[in-house]
Protein chains: 2
Amino acid sequence: MAAMHGNALYYFYEAASLGSMRLASDKIGVAVSSISRQIAQLEKTMGVALIERGRRAIRMTEAGRLAYEYYQGCIANEEAFMNRLHEHRQLKAGKVSIAIGEGFLGGFFSKVLEDFQGQHPGIAVTASVLPTSEIVHAVLEDDAHFGLIFNDCTEPKIRVRATVAQPLMVICAPDHPAAKRKSLSLEDLSTYDLCLPDANLRLHQILREAERREQVWLEPVLTTSSIYVMREAARAGRMVTILPRIAAAAELEDGRLVARPIYEADLEHTSVSLIHRLGRQLDGAPARLMAAFEARLKGWSESDGPAAA
Amino acid sequence: MAAMHGNALYYFYEAASLGSMRLASDKIGVAVSSISRQIAQLEKTMGVALIERGRRAIRMTEAGRLAYEYYQGCIANEEAFMNRLHEHRQLKAGKVSIAIGEGFLGGFFSKVLEDFQGQHPGIAVTASVLPTSEIVHAVLEDDAHFGLIFNDCTEPKIRVRATVAQPLMVICAPDHPAAKRKSLSLEDLSTYDLCLPDANLRLHQILREAERREQVWLEPVLTTSSIYVMREAARAGRMVTILPRIAAAAELEDGRLVARPIYEADLEHTSVSLIHRLGRQLDGAPARLMAAFEARLKGWSESDGPAAA
DNA sequence: ATCGATCCTTGCGTTGAACGCAATGATTTC
DNA sequence: GAAATCATTGCGTTCAACGCAAGGATCGAT
């Protein structure tokens, strides 16, 4: 049952409303003949008379009244749709889903998201916190509009929108002995109580490679799969951890934590990447949010973090 | 805001549902090229992408989802309309409004209406009880689909669908002295206690003319504007009244009242007419009900009333 | 990487529905 | 009964939608 001949119904509606085909003709801007024909045709296809012929003022039949109400329903429906569409185009409504590593939670992510949602209320953002491989998968399957991962990835169907260096750094409380050093080696670190990522995290692998290269083996007193735990462990004061700046942005900014570079461990070449599926054009809200992340990321790169600015 | 290009939305809907333009092409029976073009054009007029290009399986954008839901709403609306229309065509729904004189209330009217509504449940009938002049007016203004009046009317724009003779008769209880007579003259009547219509009723005028012709002046003991009161007055036994058969059909049939002709008063030429507006074609339910009244009226005419059969 | 299969897009010629103009028929008003 | 006002019908025109066919693009597999 295909949709009714849109125009015919419209003509009928106006003619019935105004009480005359001629008035409808003036209003619509279509010859009376067409209106007459369209209505006649509509009646033919419906098998029912819609208006009573042989009268000066047009009057609807009962079936006509039904059709009239039907068209009103169509108009109402369309209007609602147009409103929603308009809101969508104004970025007042919509959904964005992103996939990020746990490391991004914290000040960086919160700030960007807060700004965005403040500027575009009504946009629902769903952020899935996943391991890197799953992030890539989610982006590939369009389960997420874009993703934020550590390191750049080699997947051919992934487009890297932005990459910024995020060297791993020693993170500790300002009053911790390590904070007095300008920079540290892996060997220096082994003298402190360490909180390090467990095998589930990508950070773990990166550290293991560095350890192998430097032939230094770090012995953590706390191993966790949660970056939150690592951050808090450092903030408590006793322990030291290793994270990229971005993973502790807020604490670094307000001074509750400090960051010190690690030299000669080749850890400074780690980076974070903003990725999305190759060939997928993002419309409206997702594009906006991705741009916001991109700008923030690049701003970070230039200044090497607000804390350093 | 004209209705959307119906087909384009339909194509989009099917393509999105089936996940492929090709499948939609098979289902709809339209070349893939057309579908592609229609969707592209739809997107252009809406200014928003509806599907994500460059992918094997079609995926909707957020705006696409909106359009999808909109189309679903259209379909639901149309379906509801189609159902109502179908019911209307099967005479399972609709409205009929008729205008009748009070004289028709009672057995005749009830029987016809009962039969009709039993056969077509769901049809709403509104019956306006009005004086003759107002009935004609209502029919002329299409406030009533048709009307039932005493006497035939001379209005040029009224079509008389049926006219049957309804001579005025003497109506009284079976045990009343008048019931023993085979027929009565106006003069005979003047000897009984009479209940006669008041000046508001058309019956009154007819009687006045007869009185003038016969030079007999009837003195009623009860004057009323209600035919119901006249009928009940006769049924009580003491009084005699003058009505057409049809106005007391039920009572005449079951013997609670009897009718006797009036001779030489020219009252036997009165009639009732089924009228509607000239040029107005009645569709469905009104036509049916009118036909039912017409048939009943004519059946009455042939047998001169069930009581005489 | 390359090839083949499958799908979407684009170019071009064709068709039919909707249109405007003008004449005709119908209805109301003076 | 004539004028005025509508609605309908006939006819030629136009433009959107269509089918066919060629040209990308993508996905899966060798």
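A note on names: the letters A, B, ... follow the listed sequences, proteins ahead of strands, and every chain is numbered from 1.
- Whole-Å rounding puts the Ile51(B) CD1 to dT9(C) P distance at 6 Å.
- At whole-Å resolution of the value, CG in Leu18(A) and P in dA7(D) are 11 Å apart.
- Among all heavy-atom pairs drawn from Val48(B) and Ala63(B), the shortest one is CG1-CB, 3.0 Å.
- In this model, a side-chain donor or acceptor of Ser33(B) finds a partner on the base of dC20(D) within 3.5 Å.
- Ring to ring, Phe104(A) and Phe150(A) are close: their centroids are under 6.0 angstrom apart.
- Following rounding to the nearest Å, Tyr10(B) (OH) and dA16(D) (P) show an atom-to-atom distance of 23 Å.
- The NZ atom of Lys157(A) sits 9 Å away from the C1' atom of dT26(D) (whole-angstrom rounding).
- Ile39(B) places its CD1 atom 15 Å from the C1' atom of dC18(D), with the value rounded to the nearest Å.
- Using modelled atom types, one finds a donor on one side chain and an acceptor on the other under 3.5 Å when comparing Tyr68(A) with Ser17(A).
- The Gln41(B) side chain lies nearest to dA17(D) when the options are dA17(D), dC27(D), dT10(C).
- The phosphate of dC19(C) (OP1 or OP2) has a side-chain N or O of Tyr11(A) nearer than 4.0 angstrom.
- For Arg37(A), counting side-chain heavy atoms from C-beta on, the closest listed nucleotide (dC8(C), dA17(D), dC19(C)) is dC19(C).
- Under 4.0 angstrom from either OP1 or OP2 of dA17(C) there lies no side-chain N or O belonging to Gln38(A).
- When ring centroids are compared, Phe81(B) and Tyr71(A) stay outside the 6.0 Å threshold.
- In terms of position along DNA chain C, the nucleotide closest to Ala40(B) lies nearer the 5' end than the nucleotide closest to the other residue of the pair Arg277(B) and Ala40(B).
- Between Glu52(B) atom CD and dT9(C) atom P there is a gap of 13 Å when expressed in whole angstrom units.
- In this entry the distance linking CG of Leu50(A) with P of dA7(D) reads 15 Å, nearest Å.
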Quick one: do Gln205(A) and Arg202(A) satisfy side-chain hydrogen bond (donor to acceptor under 3.5 Å, both in side chains)? Show the steps, please. CA-CA 5 Å; Gln205(A) 301 169 32; Arg202(A) 180 138 184 76; 3.1 Å; yes
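- Listed candidates were dA7(D), dG20(C), dT10(C). Nearest to the side chain of Val30(A) is dG20(C).
- Note on Ser36(A): every side-chain N or O is 4.0 Å or more away from OP1 and OP2 of dA7(D).
- Checking dC6(D), dC18(D), dG20(C) against the side-chain heavy atoms of Arg22(A) singles out dC6(D) as nearest.
- Of the two residues near DNA chain D, Ser34(B) and Leu23(A), the one whose nearest nucleotide lies more 5' is Leu23(A).
- Atom CD1 in Ile58(A) sits about 17 Å away from atom P in dT5(D), given to the nearest Å.
- If you check every strand for non-hydrogen atoms under 4.0 Å, Gly29(A) touches sugar and phosphate atoms only.
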